[in-house]
Amino acid sequence: MATERKIRVLLAKPGLDGHDRGVKVLAMALRDAGMEVIYTGLRQTPEQIAAAAIQEDVDVVGLSCLSGAHNVLFPRVVELLRAQGADDVLVIGGGIIPESDIPELKAKGIQEIFGPGASIADIIRYIQEHAPKRS
Amino acid sequence: METQTTVELVEKMLAGDPRALARLISQVERGDVEVPEIMQRIYPALGRAYCVGITGPPGAGKSTLTDKLTELARREGKTVGIIAVDPTSPFSGGALLGDRVRMQQHFLDAGVFIRSMATRGSHGGLPQTARGVIKLLDAAGRDLIFVETVGVGQTELDIVETADTVVVVLVPEAGDAVQTMKAGLMEIADIFVVNKADREGAERLQRELRLLVDMHAQRNGWRIPVLATEAPKGVGVEALYAAIAAHRQALQESGQLAARRRAHRRKELLDLLQHRLLAALVAQLEKDRVLLALVEQVQEGVLDPYSAAQQILKDREALWHSPNS
């Protein structure tokens, strides 16, 4: 039987933040790059995001936050995924994130941050190169 | 996680581990070599779940209705599995799966397992692997399985050949009942729902559907109910939930449930054979120079496809010697 490999990505907006233009643009771009994108909507708790990521067995979780709460919410998602054994999921983030916050986010397991001005082509390439290779 | 054997994964899934279930679903979706073994192992645990198909045009409110029905099932203490299908783009092969947006209230309930699926290679509304995923949810002990698919008519035969009860969701904007007749939805629906019933034209559509239902011969004593709902407010959802239960009971009492499931199992085997034989044949065509020459002749317009097909099929050996079949 032929094995069909598709990168599955969960895009989520944690916390109290109603700005979803960016995440929607990205969702369409990733779909057009041949990925299966699961969008879960606004105002998600880290617990909801982790549970959805587990059930959907995604390769990548993309978090978008424009409210300033990224330092709390992003690491919490990583923690919850690890606690449930999903430590091989690639977690990346985007939004209004000050340069000075990036080192700590990376230290806490968010593997890349794409701030304002990041190009969609770069995000797609990053995911294609870094999504975990599964059987 | 990567080193876990199929046996271990299946054991964990049967014991209720959501991550093992999620992993097995991915294997079935990809068509991994382990799939026959997975299916063989879960086979004894199958047949307990009841599968409800929810179909209708895009934007009819299927996800919201599924969300509300799930709420009612959970109130009764039933566990729920949801398969939410959205189309794969035929151009990029990607998909945007957005049904979860309407189901957020259930994300943290361990009694609800939601899986978004893209249609991938299928031409109808259901991915070819959906039946396998339903089996996994059944084996994992889900009492009720909702399969939500986009459909606008007879392309939805897939769901009829898979679900125990089929709910067709329409909206007033969908046009008059003649459209419904044209689309062949009468043959598909066990229950009609006119959602967004607060909108203009809802009553007229309901009336027309009822008329249509009464003109149609009853199937084994079941009269297709025509219900009105306003999903976000939950209006009419309890009646819909009750109608699904009533249909289930009617199927059981008339012996139709067993008959449907027999037909579904037969169809599944035939589809599986068709899929595998075609894949084997295509693989063989690509390797065999003589056969490939025939394909090229057809491509160039020098040989008619009927003669070529006959010649290719004459070499039956080709069918059985594919390494993967």
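Here is how names work: the chains are called A, B, and so on, in the same order as the sequence lines, proteins then strands, and each is numbered from 1.
- Inter-residue side-chain proximity for B:Arg115 and A:Asp57 is flagged as met; some heavy-atom pair is nearer than 4.5 Å.
- Heavy atoms of B:Leu21 lying under 4.5 Å from chain A are absent altogether.
- Take A:Asp101 and apply the side chain to side chain donor-acceptor pair (under 3.5 Å) test, not counting sequence neighbours, and it matches A:His70, A:Asn71.
- B:Ser116 and A:Glu56 make their closest contact through OG-OE2, 2.7 Å (heavy atoms, listed as atom of the first residue, atom of the second, distance).
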Inset, instruction - Begin from the C-alpha positions of B:Arg23 and A:Asp88 and carry the test salt bridge (Lys or Arg N to Asp or Glu O under 4.0 Å) through to its verdict. - result: CA-CA 13 Å; B:Arg23 275 286 152 103; A:Asp88 59 343; 3.3 Å; yes

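- In terms of heavy-atom pairs under 4.5 angstrom with chain A, the leader among B:Ala110, B:Ala95, B:Ser89, B:Ser92 is B:Ala95.
- Rounding to the nearest 0.5 Å gives a distance of 8.0 Å between CG of A:Asp59 and OG of B:Ser26.
- Of the atoms belonging to A:Leu42, it is backbone heavy atoms, and not side-chain ones, that fall under 4.5 Å from chain B.
- When side chains are defined from C-beta on, B:Leu97 does not count as touching A:Tyr39, because their heavy atoms never get closer than 4.5 Å.
- Within 6.0 Å of CD on A:Glu47 lie more than 12 heavy atoms contributed by other residues, nucleotides or ligands.
- Surrounding CZ of B:Arg102 are at most 12 heavy atoms belonging to other residues, nucleotides or ligands under 6.0 Å away.
- A:Gln84 touches chain B through its backbone: at least one of N, CA, C or O sits under 4.5 Å from a heavy atom, while the side chain does not.
- Between B:Leu108 and A:Ala51, the shortest heavy-atom distance links the atoms CD2-CB, 4.2 Å.
- A side-chain donor-acceptor contact under 3.5 Å links A:Gln55 and B:Arg100.
- Using a 4.5 Å cut-off between non-hydrogen atoms, the part of residues 18-33 of chain A that approaches chain B consists of A:Ala27, A:Met28, A:Arg31, A:Asp32.
- Rounding to the nearest 0.5 Å gives a distance of 9.5 Å between CZ of B:Phe113 and CD1 of A:Ile54.
- Using a 4.5 Å cut-off between heavy atoms, B:Val112 contacts chain A through its backbone alone, with no side-chain atom that close.
- For the residue pair B:Gln104 and A:Gln44, a side-chain donor N or O sits within less than 3.5 Å of a side-chain acceptor on the partner.
- No part of A:Ala50 comes within reach of chain B, as not one of its non-hydrogen atoms sits under 4.5 angstrom from that chain.
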Inset, instruction - Check the pair B:Glu29, A:Arg8 against side chain to side chain contact (heavy atoms under 4.5 Å, CB included), reporting the backbone distance first and the verdict last. - result: CA-CA 12 Å; B:Glu29 265 203 295; A:Arg8 281 171 70 85; 3.6 Å; yes

Inset, instruction - Determine, stepwise, if the pair A:Glu36 / B:Arg120 fulfils side chain to side chain contact (heavy atoms under 4.5 Å, CB included). - result: CA-CA 10 Å; A:Glu36 288 183 358; B:Arg120 296 202 180 175; 2.6 Å; yes

Legend entry - Steps toward side chain to side chain contact (heavy atoms under 4.5 Å, CB included) verdict (B:Phe107, A:Thr40): CA-CA 10 Å; B:Phe107 284 13; A:Thr40 57; 4.0 Å; yes

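- Within a 6.0 Å radius of CD in B:Gln274, other residues, nucleotides and ligands contribute 12 heavy atoms or fewer.
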